[in-house]
Amino acid sequence: MSFTKSIACLLGVALAGNAFWAQPSWSENAPSPASARTGFDILVLGARGGVQDGNLSAYMISPHGDHRAILCDAGTVVNGLNEADHLGKLTDFSKSNQTELTPAGYVLHHVIQGYLISHAHLDHIAGLAISAPDDTPKPLYALQSTLDDLSQYVFNWHIWPNFSDHGNAPFLKTYTYQPLIPTHSQPLQNTAMNVTAWPLSHGPVTSTAFLIKSGSDALLYLGDTGPDPVEKTHKLQTLWRAVASDVQKHQLKAIIMEASYDNSRPDNVLFGHLTPHWVLKSLHDLAQETGDATSLQGLTVVISHIKYTLNTGAKIQETIKRQLDTENDLGVNFVIAEQGLRLHVH
Ligand SMILES: [Zn+2]
Ligand SMILES: [Zn+2]
């Protein structure tokens with residue numbers, strides 16, 4: 001084994017926590033020449049699934065090196081950008097910032113080109129609503145049911161002014177509602193990406209999975225979802241069937257999906273969420289759809305939406321990571337989302 005490979009081997013084991021070699025499919029801020037201009041950059045603006053205001057689901061996605069991004073969910077926006085700036089993760093954009101805007105303001109106005117909203121629960125839209133008065137006009141993509149919820153319950157002049165172009169007049173038109181038709185690919189305006197939506201079952205609410213493509217590269221973002229057997233649906237199975245060919249061809253560069261609770265949470269109180277056990281069970285279903293038990297080896301799976309806890313004791317993120325790694329016989333690279341984390345997946 002060469003020196004480079006032994007280092008990669010050590011890295012692979014350390015990162016994946018697996019007993020076998022798995023080449024990490026991501027790096028932090030440092031693209032190798034071979035992978036330049038391929039894959040996606042992910043910047044986590046908000047990582048948690050509740051309780052901790054200022055750190056709620058929001059994932060900025062762009063083709064690698066391309067500064068035209070989309071924000072998947074918007075639980076936290078400006079606070080997430082400021083935190084990323086404090087961690088030095090916005091320096092890429094500073095060269096282009098010839099404005100009087102702060103780094104966070106520049107990214108909000110000139111980098112984020114639109115929003116993909118999985119569902120209208122507060123932990124996915126609070127940052128959007130709060131930043132709206134200082135946001136620039138943008139398309140807001142979602143299933144019609146989510147747009148209806150935003151229109152009826154949020155941007156209705158009672159809870160918040162109507163920053164959209166539908167619902168209760170007058171319309172401030174900061175956001176143009178763009179309904180997504182499930183399974184139909186649609187371009188994301190002013191970016192080099194397109195999106196296809198699939199409905200997900202999230203208790204009584206319809207949530208959404210977004211398959212984002214740039215050329216042949218794909219990234220899959222799942223909003224909140226319960227497991228098929230608990231939700232008594234086949235929505236995840238349908239999604240896995242649809243993305244199986246992208247996995248087989250190694251075009252799927254990452255999955256962002258939730259594990260809200262650890263494995264001690266009983267199924268009857270999941271409220272439309274997943275645990276590490278259900279994440280693995282579900283990823284096994286995906287592997288099965290590809291017809292190859294090894295097809296997920298090395299795939300980056302970013303774990304989102306861990307519920308923040310006010311209790312002392314072991315960090316919930318560490319418990320969830322350990323539980324994921326213990327059951328990980330697929331060779332997946334699990335990465336726990338943290339605010340300000342920036343990844344290049346390729
Ligand atoms: Zn949520
Ligand atoms: Zn939710």
Side-chain angles (χ1 to χ4, degrees), residues 42-61 70-77 79-80 115-131 140-155 159-160 180 182 197-210 220-228 230-233 235-236 239 255-262 265-276 278-279 282 301-310 316-317 320 324 335-339 341:
I42 303 172
L43 177 63
V44 182
L45 301 189
R48 297 284 88 87
V51 181
Q52 189 186 15
D53 52 11
N55 188 13
L56 302 170
S57 294
Y59 295 79
M60 194 171 98
I61 312 287
I70 196 86
L71 197 61
C72 287
D73 282 329
T76 291
V77 179
N79 192 59
Y115 299 97
L116 285 166
I117 302 295
S118 67
H119 63 302
H121 276 164
L122 280 178
D123 55 315
H124 299 257
I125 62 155
L128 171 80
I130 296 301
S131 60
L140 192 162
Y141 308 89
L143 294 181
Q144 189 62 54
S145 54
T146 301
L147 295 178
D148 289 346
D149 283 344
L150 286 171
S151 176
Q152 198 174 347
Y153 303 115
V154 183
F155 295 127
I159 298 302
W160 210 235
L180 296 174
W198 275 268
L200 295 174
S201 183
H202 175 40
V205 172
T206 297
S207 172
T208 318
F210 300 113
L220 182 64
Y221 174 87
L222 281 77
D224 297 359
T225 181
D228 278 353
V230 176
E231 298 281 311
K232 299 186 172 47
T233 65
K235 293 210 162 57
L236 281 173
L239 173 67
I255 298 177
I256 301 173
M257 69 189 292
E258 70 139 283
S260 294
Y261 307 110
D262 70 33
R265 188 88 173 181
D267 287 350
N268 62 345
V269 284
L270 285 179
F271 306 120
H273 293 293
L274 299 173
T275 59
W278 281 117
V279 168
S282 199
V301 176
V302 178
I303 296 297
S304 66
H305 209 266
I306 294 175
K307 295 275 185 187
Y308 181 81
T309 174
L310 294 167
I316 181 72
Q317 295 97 295
I320 285 182
L324 287 164
V335 178
I336 303 292
E338 292 296 345
Q339 190 168 47
L341 177 70

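The residues of the chain are indexed from 1 along the displayed sequence. Numbering of ligands and ligand atoms starts at 1, following listing order.
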- prompt: In His121, which N, O or S atom comes closest to the Zn ion (ligand 2)?
  reply: ND1
query: Do His305 and Asp224 meet the criterion of a side-chain donor-acceptor pair at a distance under 3.5 Å?
result: yes
message: Side chains of Ser118 and Asp73: any donor to acceptor distance under 3.5 Å?
response: yes
message: Distance check below 2.8 Å: does His273 bring an N, O or S atom to the Zn ion (ligand 1)?
response: no
message: I'd like to know if the Zn ion (ligand 1) has an N/O/S atom from Asp123 within less than 2.8 Å of it, counting both backbone and side-chain atoms.
response: yes
Closest heavy-atom pair and its distance - Val302, Ile42: CG2-CD1, 4.5 Å
Residues Glu338 and Arg48 bridged, charged N to O under 4.0 Å: yes
query: When you measure from the Zn ion (ligand 1) to each N, O or S atom of His305, which atom gives the shortest distance?
result: NE2
query: Taking Ser57 for the side chain and His124 for the main chain, is one N or O donor matched with an acceptor at less than 3.5 Å?
result: no
- prompt: In degrees, rounded to 10 degrees, what angle do Asp224 atom OD2 and His119 atom NE2 make at the Zn ion (ligand 2)?
  reply: 90°
